[in-house]
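Data block below; observations after.
Indexing begins at 1, ligand by ligand and atom by atom, following the structure's order. Everything quoted here is computed from the prediction, not taken from an experiment.
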Amino acid sequence: MTTKRFSIGYALLLKKQKSFIQDSLVNLAKERGIDLIKIDTDKPLVDQGPFDCVLHKLYGEEWRQELREYLVYNPSAIVIDFPDAIERLHNRISMLDVVAEIEAAKDDETASFGIPKQVVIYEPEKLKDAKALGEGLKFPVIAKPLVADGSAKSHKMLLIFSSEGFEKLKSPTVVQEFVNHGGVIFKVYVVGKYVKCVKRKSLPDIPDEKLNSLHGSLSFSQVSNMTSDERNDDKYYKMLDLEDAAMPPMNLITNIACGLRKAMKLHLFNFDVIRDTRVGNRYLVIDINYFPGYAKMPGYESVMTDFFWDVLNKIEARSFNCEKELMKLVDNNGGCGEDTGSHNVS
Ligand SMILES: O=P(O)(O)O[C@@H]1[C@@H](OP(=O)(O)O)[C@H](OP(=O)(O)O)[C@H](O)[C@H](OP(=O)(O)O)[C@H]1OP(=O)(O)O
Ligand SMILES: Nc1ncnc2c1ncn2[C@@H]1O[C@H](COP(=O)(O)OP(=O)(O)O)[C@@H](O)[C@H]1O
Ligand SMILES: [Mg+2]
Ligand SMILES: [Mg+2]
């Protein structure tokens, strides 16, 4: 008896291909009857395959059209994930708005979650002092580029201690309250129903007493991805032991992960969480990333292969079908319809 083989076409930037498409993943998937095949982005997608599934981290209207056309000619194919759903993660305001959508229903008695106070500034050059930021925001703050499109620029942040620090801001920016969190962030990787939380080093706390002596701003980028050499240069990181940091309650993390997954209609993402040390049992979501660096997740090969298998064997089918319905609605009406199918997924 021959068992059916499946094919997954992947369209990823070279950097992502190098980190994600490792031999260990390709071989494990192959053993489970799944062939991972590179999509040639210089050729029309419809001329390639046929693929049972398309996995991608590419953006832009042209690519969206290619996916649409592919589904017209291959109506049974599955696209992970739908570009319209990914899009909200390219803006640091719409990205975190979704947390409020799931907030009320999911707090439990022992811990709560939310997002830090933040405002969006479209013309930062006109910003003179913190009062213009409105009620409730106080120094220090972090300025983050509004656009989170994966470019190096979109990861460049400024930690601002006083009004002079605003002088450096140029493009539309989210100004977010810096929350002391013990120098540790929790990265929660979501792959379909699978949820994995890991600890990473973050920015050090800024004690109130120290704030008076700090002025202007300090720039930084992708702290949690710093190499150990970079960190070893810094005495704060030498002192900080990740092992000592307590993990957040797993039921809270799983609730947030499931809530986000359903609300965003996405299957592949991670989110960064910090523990507000002023409160202790309050957790703040600060960042959500589409298709993050899964290869850094322990045992990523089997997690991804299990997910692919579930998708291809239609265990995850209803939520994907829902996205296809949405795609039709977008085609016909230029807008999104109601979510009808993703709530069956736990
Ligand atoms: O490259 P990696 O493995 O560090 O993964 C990056 C992610 O790191 P993480 O898994 O959260 O530690 C990274 O997460 P952060 O934004 O640094 O929290 C992003 O997801 C990044 O993608 P993009 O630049 O926003 O498109 C991810 O980059 P790409 O691999 O998608 O280019
Ligand atoms: N509100 C905040 N309070 C304290 N630290 C923060 C806050 N927001 C971000 N950080 C720190 O800055 C880092 C980068 O911010 P993040 O929003 O995750 O951007 P990126 O998309 O570049 O990862 C985080 O990993 C964390 O170390
Ligand atoms: Mg982040
Ligand atoms: Mg990010």
Side-chain angles (χ1 to χ4, degrees), residues 10-22 55-59 86-87 89-93 95-96 99 113-119 137-161 173-191 196-206 218-227 231 234 236-237 240 242 245 266 268-279 282-298 300 303-304:
Y10 60 84
L12 303 169
L13 294 178
L14 195 61
K15 171 179 173 268
K16 194 71 171 174
Q17 282 174 43
K18 283 190 179 149
S19 67
F20 185 75
I21 307 292
Q22 294 184 16
L55 179 71
H56 70 109
K57 188 175 178 178
L58 296 181
Y59 311 120
I86 300 170
E87 184 116 347
L89 298 185
H90 292 165
N91 173 304
R92 292 187 191 272
I93 293 291
M95 170 201 285
L96 295 189
V99 178
F113 70 92
I115 62 168
K117 285 178 192 153
Q118 59 179 17
V119 289
L137 263 182
K138 54 182 182 52
F139 291 118
V141 291
I142 296 194
K144 307 183 179 189
L146 176 62
V147 172
D149 59 1
S151 60
K153 206 173 125 200
S154 71
H155 290 292
K156 281 198 106 181
M157 317 258 144
L158 271 185
L159 183 54
I160 300 180
F161 306 109
T173 297
V174 174
V175 177
Q176 191 178 83
E177 191 169 74
F178 176 90
V179 177
N180 281 337
H181 55 283
V184 179
I185 62 162
F186 305 100
K187 274 203 174 269
V188 183
Y189 289 89
V190 178
V191 182
K196 176 79 188 171
C197 180
V198 298
K199 292 184 241 181
R200 294 268 185 83
K201 293 193 179 183
S202 181
L203 294 175
D205 286 352
I206 305 171
L218 211 128
S219 68
F220 69 95
S221 182
Q222 295 205 284
V223 199
S224 64
N225 269 344
M226 267 161 66
T227 63
R231 278 200 298 258
D234 192 308
Y236 178 84
Y237 292 113
L240 180 75
L242 273 188
L266 290 177
L268 299 178
F269 63 94
N270 76 358
F271 55 100
D272 297 343
V273 180
I274 56 177
R275 183 192 289 120
D276 185 340
T277 48
R278 291 168 305 193
V279 189
R282 179 152 176 85
Y283 292 85
L284 303 171
V285 178
I286 54 168
D287 186 25
I288 309 177
N289 304 295
Y290 185 65
F291 201 155
Y294 284 119
K296 284 178 273 180
M297 194 175 71
Y300 94 104
V303 174
M304 296 311 306

Any nitrogen or oxygen of Tyr59, main chain or side chain, under 3.5 Å from a nitrogen or oxygen of ligand 1? no
Protein residue, atom and distance nearest to atom 17 (O) of ligand 1, heavy-atom basis: Gln222 NE2, 2.9 Å
Can you name the closest pair of heavy atoms from Val190 and Phe271 and give their distance? CG2-CE2, 4.0 Å
Do any nitrogen or oxygen atoms of Lys16 lie less than 3.5 angstrom from nitrogen or oxygen atoms of ligand 1? yes
Looking only at protein heavy atoms, which one is nearest to atom 32 (O) of ligand 1, and what is the separation? Lys15 NZ, 2.7 Å
Enter the distance from Gln118:CD to Thr173:OG1 here, rounded to the nearest 0.5 Å. 12.0 Å
What are the atoms of ligand 2, with element, lying closer than 4.0 Å to any heavy atom of Gln176? 1 (N), 2 (C), 7 (C), 8 (N)
Which residue and heavy atom of the protein sit nearest atom 24 (C) of ligand 2, plus the separation: Ile286 CD1, 3.8 Å
Could you tell me whether a side-chain N or O of Asp205 sits under 3.5 Å from a main-chain N or O of His181, the two making a donor and an acceptor? yes
Protein contact to atom 8 (O) of ligand 1 [nearest heavy atom, distance to 0.1 Å]: Lys296 NZ, 3.4 Å
Considering distance alone, does some N or O of Val179 sit under 3.5 Å from an N or O of ligand 2? yes
Atoms of ligand 2 close to His155 [distance to a heavy atom under 4.0 angstrom, numbered from 1]: 20 (P), 21 (O), 22 (O)
Only heavy atoms of His155, strictly under 4.0 Å: list the atoms of ligand 1 that pass. 16 (O), 23 (P), 24 (O), 25 (O)
Atoms named by residue and atom, protein N, O or S, within reach of the Mg ion (ligand 3) (under 2.8 Å): Asp272 OD2, Asp287 OD2
How does Ile142 reach ligand 2, by side chain, by backbone, by both or by neither, if only non-hydrogen atoms under 4.0 Å count? side chain
Please state whether Pro116 comes within less than 4.0 angstrom of ligand 2, counting heavy atoms only. yes
Can you report which non-hydrogen protein atom sits closest to atom 25 (O) of ligand 2, along with the distance? Ile185 CD1, 3.6 Å
Heavy-atom distance to atom 5 (O) of ligand 1: which of Ser154, Ser19, Gly293 wins? Gly293
Within-cut-off N or O pair, Tyr189 and ligand 1, under 3.5 Å: yes
Which residue supplies the protein heavy atom nearest to atom 21 (O) of ligand 2, what is that atom called, and how far is it? Asp287 OD2, 2.9 Å
Starting from atom 14 (O) of ligand 1, find the nearest protein heavy-atom neighbour and note its residue, name and distance. Asn289 ND2, 3.3 Å
Can you list the atoms of ligand 1 that are under 4.0 Å from a heavy atom of Asp272? 18 (O)
Within a distance under 4.0 Å of any heavy atom of Asp287, pick out the atoms of ligand 1 and give their elements. 15 (P), 16 (O), 18 (O)
Mind checking the OH-OH spacing from Tyr59 to Tyr290? Nearest 0.5 Å is all I need. 8.0 Å
Using a 4.0 Å heavy-atom threshold (strictly under), name the region of Ile274 that reaches ligand 2: side chain, backbone, both or neither. side chain
Can you check whether Tyr300 and Tyr189 have ring centres sitting under 6.0 Å from each other? no
So which heavy atom in the protein is nearest atom 17 (O) of ligand 2, and how far is it from that ligand atom? Lys144 NZ, 2.7 Å
Distance filter under 4.0 Å to Arg200 heavy atoms, resulting ligand 1 atoms: 12 (O)
Nitrogen or oxygen of Glu177 less than 3.5 angstrom from that of ligand 2: yes
For atom 26 (O) of ligand 1, which candidate among His90, Lys57, Met297 holds the nearest heavy atom? Lys57
Quick one: does Arg92 get a heavy atom under 4.0 Å from ligand 2? yes
